[in-house]
Amino acid sequence: MDRNAITVALPKGRLLPDCIRLLSAVGMRTTEEIDTSRKLLFSSEDGSARILVVRDKDLPTYVEYGAADVGVVGKDVLMESGADLLEPADLGFGFCRIVVARPASISGREDPTGWGHMRVATKYPRITTDHFASRGEQVEIIPLYGSIELAPLVGLADRIVDLVSSGETLRQNNLAEVEEVARITARLVVNRASMKIKSDRLAPLIQAIRQETEREQRGVNQTRTGR
Ligand code: PRP
């Protein structure tokens with residue numbers, strides 16, 4: 001392993017295949033199958049980088065503390081973490097939205113007085129609190145770890161704040177979107193100190209990733225316009 005090796009943190013799960021593809025496109029190939037292996041620590045083929053595979057919610061911590069110099073994480077996880085990181089590139093992939101949803105059977109205008117007592121189930125307590133607070137609304141947060149859509153169906157909450165991708169989970173549970181809170185994509189994040197100390201390694205990597213992302217997005221747009 002190169003003594004000046006940089007450490008890259010990648011999130012387990014949905015974003016991992018796109019992350020591996022992106023790194024490979026900028027010349028950072030891995031020697032093993034990092035998306036299938038149970039190993040968590042890898043080396044790039046040329047030994048110039050260590051690659052960590054971590055839980056997405058833990059990733060901002062690894063980068064903020066400098067255990068990794070650079071990482072890829074969903075904007076939702078980044079916002080919720082509150083970590084103090086540089087965010088030099090929007091990678092475009094992993095698109096989804098965070099929305100407020102409620103049972104579809106409730107119709108008509110809502111009674112605004114009810115909002116003061118509203119219970120909102122979410123795995124994003126910080127994002128949810130900030131969203132409602134920005135409008136001067138105080139809500140009771142019901143923190144959950146998953147299957148958030150169940151909460152309003154069994155009277156645990158009046159609303160949910162959760163990720164929507166295809167919208168299928170909302171539909172199948174008779175929930176309707178009330179409003180959009182945020183649009184989410186994967187972001188490149190960098191440790192502040194690493195950016196200064198290892199700029200000779202990180203600046204070209206960030207530049208290559210930006211160029212590759214732009215190239216891919218041009219390709220997508222050309223496909224959309226049929227060119
Ligand atoms: C996410 C999210 C929604 C679902 C949305 O859940 O929390 O439940 O995906 O996707 P859709 O709009 O395409 O249906 P995840 O699969 O991460 O599981 P979880 O509910 O246990 O967090």
Side-chain angles (χ1 to χ4, degrees), residues 9-22 34-38 40 52-63 68 71-83 85 87 90-107 118-134 137 139-189 216-217 220 223-224:
L10 300 181
K12 271 185 200 170
R14 279 186 263 239
L15 297 181
L16 189 56
D18 278 324
C19 293
I20 295 166
R21 180 191 45 71
L22 178 63
I34 67 176
D35 54 346
T36 51
S37 167
R38 301 288 290 180
L40 302 169
L52 319 181
V53 180
V54 303
R55 279 282 302 266
D56 62 348
K57 288 184 184 61
D58 295 333
L59 195 141
T61 306
Y62 279 86
V63 180
V72 174
V73 69
K75 180 70 176 176
D76 56 329
V77 175
L78 189 57
M79 286 163 73
E80 186 62 26
S81 78
L85 304 173
E87 192 190 317
D90 179 342
L91 303 175
F93 58 78
F95 176 76
C96 55
R97 301 181 306 127
I98 297 180
V99 306
V100 182
R102 67 176 186 197
S105 54
I106 295 176
S107 59
M118 195 165 69
R119 288 193 307 205
V120 185
T122 187
K123 55 187 168 196
Y124 300 109
R126 179 194 290 258
I127 293 171
T128 302
T129 303
D130 290 352
H131 173 71
F132 287 103
S134 72
E137 289 166 7
V139 296
E140 183 183 351
I141 304 287
I142 310 287
L144 296 175
Y145 292 104
S147 305
I148 315 298
E149 293 83 357
L150 185 60
L153 307 182
V154 294
L156 179 58
D158 306 299
R159 300 281 184 277
I160 62 166
V161 167
D162 199 17
L163 282 185
V164 170
S165 177
S166 66
E168 201 47 40
T169 312
L170 288 186
R171 266 193 297 280
Q172 289 200 16
N173 291 290
N174 299 315
L175 299 173
E177 179 178 332
V178 177
E179 60 179 322
E180 184 175 282
V181 175
R183 294 182 155 240
I184 305 299
T185 44
R187 305 300 165 105
L188 186 69
V189 290
E216 282 174 12
Q217 281 169 357
V220 169
T223 310
R224 278 197 188 130

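One-based numbering, in listed order, for ligands and for the atoms of each. As the structure is a computational prediction, the values presented were derived from the model and not from experiment.
The contact set between ligand 1 and G167, taken as ligand atoms under 4.0 Å from a residue heavy atom, comprises 11 (P), 12 (O), 13 (O). Which parts of ligand 1 touch E168 is read off a 4.0 Å heavy-atom cut-off, strictly below it: atoms 12 (O), 14 (O). Every atom of ligand 1 is numbered from 1 in the order shown, and the set under 4.0 Å from a heavy atom of V164 is 12 (O). Listed by atom number, the atoms of ligand 1 under 4.0 Å from L163 heavy atoms are 2 (C), 3 (C), 5 (C).
A donor-acceptor contact shorter than 3.5 Å links the side chain of S134 to the backbone of H131.
Heavy atoms from other residues, nucleotides or ligands lying under 6.0 Å from CZ of R14 number 12 at most. Around atom CZ of F93, more than 12 heavy atoms belonging to other residues, nucleotides or ligands sit under 6.0 Å away.
Salt bridge E80/R126: absent, no basic N to carboxylate O contact under 4.0 Å. Between E177 and R97, at least one side-chain nitrogen of the basic residue sits less than 4.0 Å from a carboxylate oxygen of the acidic one, meeting the salt-bridge criterion.
Protein heavy atom closest to atom 14 (O) of ligand 1, with residue, atom name and distance, is T169 OG1, 2.4 Å. Of the protein's non-hydrogen atoms, S166 OG, 2.6 Å is the one closest to atom 13 (O) of ligand 1.
At a heavy-atom cutoff of 4.0 Å, ligand 1 is contacted by no atom of R171, backbone or side chain. Only the side chain of D162 comes within 4.0 Å of ligand 1, judged by heavy-atom distances.
Comparing R97, E149, R14 against atom 1 (C) of ligand 1, the shortest heavy-atom distance belongs to R14. The residue among C96, S147, S165 with a heavy atom at the shortest distance from atom 21 (O) of ligand 1 is S147.
Residue contact annotation: K123 has a non-hydrogen atom under 4.0 Å from ligand 1. Residue-ligand proximity: Q172 is placed with every non-hydrogen atom at 4.0 Å or more from ligand 1.
In this structure, a donor-acceptor pair under 3.5 Å is present between the side chains of R187 and T185.
Taking each heavy atom of K123 and I148 in turn, the nearest pair found is N-CD1, 3.9 Å.
Contact check for P11 versus V54: no side-chain heavy atoms found under the 4.5 Å cut-off.
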